[in-house]
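Numbers here are sequence positions counted from 1. On a predicted model such as this, the values are computed, not experimentally measured, just so you know.
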Amino acid sequence: MRLSIVAALAAVEKAEFAYVRDLVEITDSALSKQVSRLEEAGWVAVEKGQVGRRPRTWLRLTEEGLTAYRRHLVALAAIAGPLH
């Protein structure tokens, strides 16, 4: 699940919580729990604010998170081998 969240955030500068929730197809509480863990690890930054009168939460991948994600992709490619 965390890999899916990080992959979703790697493709954008930042994303609303609801966008990531829908993309990853999990509940608010499950995403919140995973984001908390990623934030504690320093991989994800959480920004809270408002749009109009509605509260919003934005998520973005930190430089540390992006570096770790790229390393993970390299490791997965090495494990998987050539794709042809």
Side-chain angles (χ1 to χ4, degrees):
M1 193 55 53
R2 290 182 205 150
L3 178 59
S4 296
I5 294 165
V6 170
L9 294 174
V12 296
E13 186 176 323
K14 68 179 180 178
E16 280 195 43
F17 183 93
Y19 170 81
V20 177
R21 177 202 61 213
D22 294 346
L23 187 64
V24 178
E25 298 180 339
I26 59 175
T27 64
D28 285 353
S29 62
L31 179 56
S32 181
K33 183 176 181 177
Q34 297 307 319
V35 166
S36 291
R37 298 252 166 83
L38 289 165
E39 185 179 28
E40 288 170 8
W43 288 23
V44 170
V46 178
E47 181 184 324
K48 296 193 180 266
Q50 286 190 279
V51 175
R53 294 179 181 229
R54 294 181 173 245
R56 293 284 189 255
T57 301
W58 293 275
L59 309 173
R60 70 173 175 81
L61 206 53
T62 64
E63 284 298 320
E64 182 181 351
L66 184 58
T67 299
Y69 175 65
R70 287 178 177 154
R71 276 195 316 258
H72 193 74
L73 290 180
V74 168
L76 287 174
I79 292 166
L83 295 177
H84 34 266

Partners passing side chain to side chain contact (heavy atoms under 4.5 Å, CB included) against [X] (at least two apart in sequence or in another chain):
X	answer
Ala68	Trp43, Arg71
Glu13	none
Lys33	Arg37
Leu76	Leu3, His72

Original post:
Say you draw a straight line from CD of Gln50 to CZ of Arg56; how long is it, rounded to the nearest 0.5 Å?
Top reply: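 Going from the CD atom of Gln50 to the CZ atom of Arg56 covers 9.5 Å.
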**OP:** To the nearest 0.5 Å, tell me how far Glu16 CD sits from Lys14 NZ.
**Re:**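 Answer rounded to 0.5 Å: 9.0 Å.
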Original post:
Where do Thr62 and Gly42 come nearest, in terms of heavy atoms and distance?
Top reply: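 Here Thr62 and Gly42 meet closest at OG1-O, 2.6 Å.
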Subject >> Candidate list Thr67, Leu38, Leu66, test side chain to side chain contact (heavy atoms under 4.5 Å, CB included), partner Leu61, passing option >> reply: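 Option passing the side chain to side chain contact (heavy atoms under 4.5 Å, CB included) with Leu61: Leu66.
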Original post:
Any ion pair linking Arg60 and Glu47 (charged N to carboxylate O, less than 4.0 Å)?
Top reply: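 Salt bridge absent between Glu47 and Arg60.
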Give every donor-acceptor pair under 3.5 Å between a side-chain atom in residues 17-28 and any protein atom, sequence neighbours left out.
from, atom 1, to, atom 2, distance (Å)
Arg21, NH1, Asp28, OD1, 2.9
Thr27, OG1, Ser29, OG, 3.3
Thr27, OG1, Ala30, N, 3.1

Original post:
Do the side chains of Val46 and Leu59 get nearer than 4.5 Å, heavy atoms only?
Top reply: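 When only atoms from C-beta onward are counted, Val46 and Leu59 do touch, with a gap below 4.5 Å.
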Original post:
Do Ile5 and Tyr69 sit in the same hydrophobic cluster, where Ile, Leu, Val, Met, Phe, Trp and Tyr count as joined when their side-chain heavy atoms come under 4.5 Å apart?
Top reply: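 Yes: a chain of side-chain contacts under 4.5 Å links Ile5 to Tyr69.
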**OP:** Identify, with sequence neighbours excluded, every residue that meets side chain to side chain donor-acceptor pair (under 3.5 Å) alongside Arg70.
**Re:**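 Partners of Arg70 under the side chain to side chain donor-acceptor pair (under 3.5 Å) test: none.
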